[in-house]
Amino acid sequence: MGSPAKPTGAAGARRTGAIRRGAGPVSPTAVLEVLSAGPLTTIQDLGRPGHAAWGVGASGAADRRSLRLANRLVGNAEHAAALEVVLGGLHLCAHRAVILALTGARCDATVDGRPVGHNSVLSLRRGQVLRLRTPATGLRTYVAVRGGIDVEPVLGSRSTDVLSGLGPAVVAAGSLLPVGAPPPAFPNVDFAPVPDPPHDEVTLQVTLGPRDDWFTPEARDALLRTSWTVTPDSNRVGMRLSGTALARAVCGELPSEGMVRGALQVPPTGLPTLFLSDHPVTGGYPVIAVVVDADVDRAAQLRPGQTLRFRTIHQPRTR
């Protein structure tokens with residue numbers, strides 16, 4: 001679940017940003033040292049929209065709502081770059097005093113062994129170490145630092161796109177993360193009473209189409225009737241689902257067409273894939289429905305083995 005897609009061709013040459021210890025003189029802006037990166041930690045902001053015509057996807061935080069909240073808590077602009085941590089395991093050492101906030105999936109977090117809060121502001125003094133354990137529910141935790149992770153932007157964004165290879169390299173043990181100048185003002189709130197991601201079945205709202213007519217009436221009914229299970233073969237590109245195979249009414253080839261975040265694309269297996277932040281720009285399999293944009297953030301917190309259902313926007317949501 002945590003392994004990133006491998007960039008191909010010249011994509012690897014476009015990696016930029018975090019400094020690796022031993023790679024030369026340490027930048028004076030290298031404020032956070034990564035002692036352990038867990039299963040997958042990447043740098044994310046709100047992405048690089050507007051470049052699809054060039055074949056470049058938007059990328060950005062999988063759970064944008066949690067990223068925005070983390071940045072607001074430390075006084076950053078909502079689009080500032082932060083760390084997206086899959087299933088915990090991140091250990092950070094501060095090279096100078098910093099202000100942080102943790103949002104998204106709630107980890108048992110400690111600073112030098114002392115428990116610290118979630119959805120709240122915390123501080124690290126020089127030499128102190130923040131450790132995140134595996135969250136009880138949810139998948140992705142966001143760590144914002146006041147001033148933002150200040151790696152070099154690519155096409156206006158500091159996000160790591162694991163499909164195309166654009167943006168900074170995946171964070172690894174030994175990475176030294178630069179932090180930008182702190183914003184002039186500090187927010188008047190240091191805690192946000194936000195519920196944790198649910199551990200049980202989640203209902204996501206969809207709009208049918210644009211290619212729902214390529215499927216049989218029984219398949220369209222099954223899409224909304226089935227309790228789908230998130231498989232381990234999922235990542236930031238897409239969430240693969242297991243359940244009832246959806247039979248097609250049209251068996252011809254579909255020319256490649258544009259894809260969007262939240263699209264439910266159905267390959268020949270009949271089992272849909274829900275596209276997430278690093279989805280391809282185009283695809284040749286039919287899209288039976290699209291998850292409404294706000295619910296894609298909720299989907300990004302679902303773990304392998306967790307179940308979900310789809311409801312059209314005209315049906316009531318159960319959770």
Side-chain angles (χ1 to χ4, degrees), residues 1-24 27 30 32 34 36-64 67 79-87 89-90 139-143 148-178 180 232-240 256-263 265 267 273-285 296 300:
M1 180 77 194
S3 298
K6 294 183 179 179
T8 58
R14 295 193 294 268
R15 292 299 195 186
T16 179
I19 306 160
R20 293 294 172 84
R21 185 172 286 284
S27 166
L32 296 172
V34 179
S36 172
L40 177 66
T41 297
T42 57
I43 298 170
Q44 299 295 337
D45 54 22
L46 292 179
R48 49 182 68 85
H51 302 296
W54 299 351
V56 177
S59 190
D63 178 358
R64 298 161 302 176
L67 173 73
H79 58 75
L83 298 177
E84 180 181 279
V85 185
V86 174
L87 290 176
L90 177 70
L139 184 65
R140 294 177 167 94
T141 303
Y142 291 84
V143 183
I149 304 295
D150 194 26
V151 296
E152 182 183 351
V154 177
L155 294 177
S157 171
R158 295 177 169 89
S159 288
T160 299
D161 187 327
V162 301
L163 180 63
S164 70
L166 283 174
V170 170
V171 174
S175 295
L176 299 170
L177 303 175
D233 189 18
S234 302
N235 55 27
R236 283 180 45 84
V237 177
M239 180 187 300
R240 297 181 185 273
S256 292
E257 52 191 5
M259 290 292 122
V260 297
R261 185 178 186 265
Q265 188 187 66
T273 295
L274 171 56
F275 279 150
L276 299 178
S277 294
D278 292 350
H279 67 84
V281 176
T282 62
Y285 298 132
V296 184

Without placing hydrogens or testing angles, list every side-chain donor-acceptor pair under 3.5 Å for residues 37-50, not counting sequence neighbours.
{"unit_1": "T41", "atom_1": "OG1", "unit_2": "A37", "atom_2": "O", "d": "2.7"}
{"unit_1": "T42", "atom_1": "OG1", "unit_2": "Q44", "atom_2": "NE2", "d": "3.1"}
{"unit_1": "Q44", "atom_1": "OE1", "unit_2": "S159", "atom_2": "OG", "d": "3.2"}
{"unit_1": "Q44", "atom_1": "OE1", "unit_2": "R236", "atom_2": "NH2", "d": "3.3"}
{"unit_1": "Q44", "atom_1": "NE2", "unit_2": "T160", "atom_2": "O", "d": "2.9"}
{"unit_1": "D45", "atom_1": "OD1", "unit_2": "G47", "atom_2": "N", "d": "2.8"}
{"unit_1": "D45", "atom_1": "OD1", "unit_2": "S157", "atom_2": "OG", "d": "2.7"}
{"unit_1": "D45", "atom_1": "OD1", "unit_2": "S159", "atom_2": "OG", "d": "2.5"}
{"unit_1": "D45", "atom_1": "OD2", "unit_2": "S157", "atom_2": "OG", "d": "3.2"}
{"unit_1": "D45", "atom_1": "OD2", "unit_2": "R158", "atom_2": "N", "d": "2.7"}
{"unit_1": "R48", "atom_1": "NE", "unit_2": "V154", "atom_2": "O", "d": "3.0"}
{"unit_1": "R48", "atom_1": "NH1", "unit_2": "S159", "atom_2": "O", "d": "3.4"}
{"unit_1": "R48", "atom_1": "NH2", "unit_2": "V154", "atom_2": "O", "d": "3.4"}
{"unit_1": "R48", "atom_1": "NH2", "unit_2": "S157", "atom_2": "O", "d": "3.1"}
{"unit_1": "R48", "atom_1": "NH2", "unit_2": "S159", "atom_2": "O", "d": "2.9"}

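- Shown here for S59 and D278, the closest heavy-atom pair between the two residues is OG-OD1, 2.7 Å.
- Among residue pairs with one or both ends in residues 54-64, those qualifying as salt bridge (charged side-chain N to carboxylate O under 4.0 Å, His left out) are R64-D293, R64-D297; sequence neighbours excluded.
- Considering only heavy atoms from C-beta on, V296 comes within 4.5 Å of L276 through its side chain.
- Shortest non-hydrogen contact noted between V260 and F275 is O-CB, 3.9 Å.
- Of all heavy-atom pairs between M259 and Y285, the closest is CE-O, 4.2 Å.
- If you take CG on N235 and CG on L163, they are separated by 8.5 Å, rounding to the nearest 0.5 Å.
- Between atom OG1 of residue T282 and atom CD of residue E257 there is a gap of 9.5 Å, rounded to the nearest 0.5 Å.
- Scanning all heavy atoms of the two residues, the minimum distance from A62 to A300 falls at O-CB, 3.3 Å.
- Note that OG1 of T141 and CG of L90 are 9.0 Å apart. Values are rounded to the nearest 0.5 Å.
- When all heavy atoms of L274 and G262 are compared, the pair lying nearest together is CD1-O, 3.3 Å.
- A donor-acceptor contact shorter than 3.5 Å is absent between the side chain of Q265 and the backbone of G283.
- Residues passing the ring pair (Phe, Tyr, Trp, His ring centres under 6.0 Å) test with H79: none are found, sequence neighbours excluded.
- Within the 3.5 Å criterion, the main-chain N or O of L166 finds no donor-acceptor partner in the side chain of D161.
- Between atom OG1 of residue T273 and atom CE of residue M239 there is a gap of 10.5 Å, rounded to the nearest 0.5 Å.
- Across Y142 and A61, no two heavy atoms sit closer than the pair CE2-CB, 3.9 Å.
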